[in-house]
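Here is the structure we will look at.
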Amino acid sequence: MARILITSALPYINGVKHLGNLAGSMLPADVYARFQRLRGHDVLYICATDEHGTPAELAAKAAGQTPDDYCKEQHKIQREVGKGFKLSYDWFGRSSSRPNNELTQAFADKLEDNGLIEERTSRQVYSIDDKRFLPDRYVEGTCPHCGYEKARGDQCDNCGRLLDPVDLKDPYSAVSGSKKIEIRDTQHLFLLQSKMQDRIRAWVDAADHWPQLTKSIAYKWLDEGLQDRSITRDLAWGVPVTRNGKPRPGFENKVYYVWFDAPIEYIGATWEWSSAAGEGETRDWRSWWRTDEGADDVTYVQFMGKDNVAFHTVSFPVTILGSQEPWKLVDKLKAFNWLTWYGGKFSTSEKRGVFMDQALELLPSDYWRWYLIANSPEGSDAAFTWQNFQSTINSDLANVLGNFVNRITKYAGSKFHGQVPKDGERGEAEAWMAKELETRLPLLLQHYEDMEFRKAAAETRAIWAAGNEYLTKAEPWVKYKTDVDAAAVGVRTGLNLAALFGIIAQPIIPDAAQKILTALNIPEQARSLNFTSGDRSYADLLDALPRGMEISAPDVLFAKIEDAQVEDWTARFGGG
RNA sequence: GGUGGGGUAGCUCAGCUGGUUAGAGCGCAGGACUCAUAAUCCUGAGGUCGAGAGUUCAAGUCUCUCUCCCACUACCA
């Protein structure tokens, strides 16, 4: 039994996430976690909300709440939506939690002890009316190059040029609109990433389980040369800057930069999980993270969108390696491209696309889970369209899987008293089906191991489709007229296939799988993805259910998506 | 601008270190079947693999040029 630690990129606290966020980190991580649990491994799947930073502070202000209250509320909302999508987190934490505060401060201390942090003075935009320093993008003004009047301090959206806020003409605060702006000196802590360049490169060189996309992004940063970066900000909301447990002089009104503390929350959330252990339960977070305390046998897998890769392959490892402490580093890193929405991006700020809470109002989570995995943006960006969604669901789920389960269970009910038939001998059709399973099931497992989710879904579907093909070959409804025993073999095999189809469906569509397996009375211990444990062969899968066992026909598993619904949703959400 | 990824059947995508007639699903056409959610199964049509040049006995697969799309570009996260 292997120990597998899984984390998905922390969703930012600022509002419910859209389907693109779900498809690019949380959902595949969940599918992978479910898969590995069903393989019998010891899995710990950790996620959390990323709560610090300027956007959270401003959103709280806009909502008339303290950042703390705002985050508490938003965290609960995100946690519930995650539940709605059946994301099987072992823990869904908060980056503002106490453990993360402690860990972040401890890491900073270690880094400074190791000569990797120094104080530097930098010049920043200060808004007098807002009484705060402003990040570059919260300063707006007229672009010195093209005259665009709403250029941001970091970049002009009109001409695309990178800017420095001091270059803007007539600058004003994007927070309040105030023009009372000045440049002030401010002290910040800089993490000396440049000193870690060689160590990081050696570590990336040695990482042989990373996909191409991941490595190329890491090397890009390394080739350009790691720059020292500021890890503190002039904000009130965040992890307070300390030195050896005491407020750091001159930094009383500053916090660590959100990108410094957020990845540390992977560890922090595990600590939270540990602290929440119930009566008589032992949870040791350090055994998952400290290689000197048991984590050396842990395989750590991270899931994220491509925008996050640099931070996970370079920035966070600088923190970990720079600490000189035996913390666990990532072993496998799966990065995703974007799910696109009618030619553009899903966008939280522009409210483009479908958001997780809205999606659940339209259809049960399985529908979305299947579509988003079967069309996962793995190799390149993937387009979401309502029509594609409709045809994928209707074909794969309603027709191929749902109809298979329905036809065989109904037929068993009407002709074989709702029992697994006892009689009849196997023939050619069963041999053909066994052969299919023998070649396809190992492929399916391999795709999951490789984290090739599109391929895993395609193989799952191919196995379901093979079941329909089998029934055509076996045609029990024809044989029933002349030879009931011959029909019995077909029905028995069909019912066993329905059970198997439910079993392999579990990682992607857990609810539907549960319905199938419950209707067929499959006990928990018989639901694993270890198909050939012991002396069991693939052919045995076709006769695994106890003969004579009562089964029931589940309700129709998937309703088809009607054209009228597509029209309705298109009108409501746009697209097309 | 720089860097990276991508441009393969009507649509969405597979095609690893170059090797016989380029694949899948959907859609489309025809047929079979009737247990089933007008579902399923079979067969078929359909591609100058973005454009051009080069290397090679052989290129979707390697090199160069061009073109279009997307992402990243370190103080948004």
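Basis for what follows: all heavy atoms, side chains included, without hydrogens, waters or symmetry-related copies.
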Quickly work out the A/Glu459 CD to B/G25 P distance and round it to whole Å.
-> 12 Å
Please work out which of the three classes, parallel, tilted or perpendicular, describes the rings of A/His312 and A/Tyr266, given edges at 30° and 60°.
-> tilted
Spell out, as yes or no, whether a donor-acceptor pair under 3.5 Å connects the side chain of A/Lys479 to the backbone of A/Ala474.
-> yes
Side-chain N,O (A/Tyr257) to OP1/OP2 (B/A77) below 4.0 Å = yes
Where does the angle between the aromatic ring planes of A/Phe389 and A/Phe384 fall among parallel (under 30°), tilted (30 to 60°) and perpendicular (over 60°)?
-> tilted
Determine the contact category for A/Gln227: base if any of its heavy atoms lies under 4.0 Å from a base atom, sugar-phosphate if only primed atoms, P, OP1 or OP2 are that close, otherwise nothing.
-> base
Would you classify A/Gln124 as touching base, sugar-phosphate or nothing, given that sugar-phosphate means primed atoms plus P, OP1 and OP2, and contacts are heavy atoms under 4.0 Å?
-> base
Gap between atoms CG and P, on A/Asn21 and B/A77 respectively (whole Å) = 16 Å
If you restrict it to nitrogen or oxygen atoms, what contacts under 3.5 Å exist between nucleotides 12-15 of chain B and the protein, and what is each distance?
residue: B/C13; atom: OP1; partner: A/Asp381; partner atom: O; Å: 3.2
residue: B/C13; atom: OP1; partner: A/Ala383; partner atom: N; Å: 3.3
residue: B/C13; atom: O2'; partner: A/Arg454; partner atom: NH1; Å: 3.3
residue: B/G15; atom: OP1; partner: A/Lys455; partner atom: NZ; Å: 3.4

Do the side chain of A/Arg492 and the main chain of A/Pro421 share a donor and acceptor less than 3.5 angstrom apart?
-> yes
When rounded to the nearest Å, what value does the distance between P atoms of B/A22 and B/C49 take?
-> 11 Å
What integer distance in Å separates A/Trp338:CH2 from B/G6:P?
-> 17 Å
Relative to the 5' end of RNA chain B, which residue comes earlier, A/Glu475 or A/Leu222, by the nucleotide with the nearest heavy atom?
-> A/Glu475
Is the backbone N or O of A/Ala262 less than 3.5 Å from a side-chain atom of A/Glu265, with the two atoms forming a donor-acceptor pair by type?
-> no
Nearest-Å distance once atom C1' is located in both B/C16 and B/U12 = 22 Å
Sub-4.5 Å side-chain heavy-atom contact between A/Leu495 and A/Thr409 = yes
Using whole Å, report how far CE of A/Met433 lies from P of B/C41.
-> 12 Å
Rounded distance in Å - CG (A/Asp396) to P (B/A24) = 16 Å
More than 12 foreign heavy atoms under 6.0 Å from NZ of A/Lys473: is that the case here?
-> yes
Would you kindly give the CD-to-P distance between A/Glu469 and B/C33, to the nearest whole Å?
-> 17 Å
Does one side chain, of A/Thr49 or A/Glu51, offer a donor that lies under 3.5 Å from an acceptor on the other?
-> yes
Sugar-phosphate only, base, or nothing, as touched by A/Asn394 at under 4.0 Å among non-hydrogen atoms = nothing
C1' atoms of B/G50 and B/G7, separation to the nearest Å | 6 Å
Using atom C1' of each nucleotide, how far apart are B/G2 and B/C11 to the nearest Å?
-> 34 Å
What distance, rounded to whole Å, do you find between the two P atoms, one in B/C70 and one in B/C75?
-> 25 Å
Which part of the nucleic acid, if any, lies within contact of A/Gly467, taking any heavy atom under 4.0 Å across all strands shown: a base, the sugar-phosphate backbone alone, or nothing?
-> nothing
Determine the interatomic distance between C1' on B/U17 and the same-named atom on B/U73; round to the nearest Å.
-> 32 Å
Centroid-to-centroid, A/Trp338 to A/Phe336, below 6.0 Å?
-> no
When you check the gap from the basic side-chain N to the acidic O, do A/Asp228 and A/Arg120 get nearer than 4.0 Å?
-> yes
Are A/Trp259 and A/Phe311 close enough that their ring centres sit under 6.0 Å apart?
-> yes
Examine the base of B/A77 for any acceptor or donor lying under 3.5 Å from a partner atom in the side chain of A/Trp259, and report the outcome as yes or no.
-> yes
Okay, side chain of A/Asn394, backbone of A/Ile561: is any donor-acceptor separation there less than 3.5 Å?
-> yes
Using Watson-Crick or G-U wobble pairs with both distances under 3.5 Å, give me RNA chain B in dot-bracket, 5' to 3', with [ ] for crossers and | for pairs to another strand.
-> (((((((..((((.....[...)))).(((((.......))))).....(((((..]....))))))))))))....
Using the C1' atom as the reference point in each nucleotide, state the distance between B/U61 and B/G23 in Å, no decimals.
-> 15 Å
Between B/G47 and B/G60, how far is it from one C1' atom to the other, in whole Å?
-> 11 Å
Have a look at A/Ser395 and say if it touches a base, only the backbone sugar-phosphate, or nothing, with a 4.0 Å heavy-atom cut-off.
-> sugar-phosphate
Can a side chain N or O of A/Arg461 be found less than 4.0 Å away from OP1 or OP2 on B/C26?
-> yes
Pairs: protein N or O with nucleotides 35-38 of chain B N or O, under 3.5 Å:
residue: B/C35; atom: O2'; partner: A/Arg407; partner atom: O; Å: 3.4
residue: B/C35; atom: O2; partner: A/Arg407; partner atom: NE; Å: 3.1
residue: B/C35; atom: N3; partner: A/Arg407; partner atom: NE; Å: 3.3
residue: B/C35; atom: N3; partner: A/Arg407; partner atom: NH2; Å: 2.5
residue: B/C35; atom: N4; partner: A/Arg407; partner atom: NH2; Å: 3.0
residue: B/A36; atom: O3'; partner: A/Asn406; partner atom: ND2; Å: 3.0
residue: B/A36; atom: O2'; partner: A/Asn403; partner atom: OD1; Å: 2.5
residue: B/A36; atom: O2'; partner: A/Asn406; partner atom: ND2; Å: 3.0
residue: B/A36; atom: N1; partner: A/Arg407; partner atom: NH2; Å: 3.3
residue: B/A36; atom: N3; partner: A/Asn403; partner atom: ND2; Å: 3.1
residue: B/A36; atom: N3; partner: A/Arg407; partner atom: NE; Å: 3.1
residue: B/U37; atom: N3; partner: A/Phe558; partner atom: O; Å: 2.7
residue: B/U37; atom: O4; partner: A/Phe558; partner atom: N; Å: 3.2
residue: B/U37; atom: O4; partner: A/Phe558; partner atom: O; Å: 3.3

Taking CD1 from A/Ile463 and C1' from B/A24, how many angstroms apart are they, rounded to a whole number?
-> 15 Å
To the nearest angstrom, how far is A/Ile393 atom CD1 from B/G27 atom P?
-> 14 Å
Look at the side chain of A/Asn375 and the backbone N and O of A/Tyr371, then say whether any donor-acceptor pair between them is shorter than 3.5 Å.
-> yes
A/Gln193 (side chain) donor-acceptor with A/Arg229 (main chain) under 3.5 angstrom = no
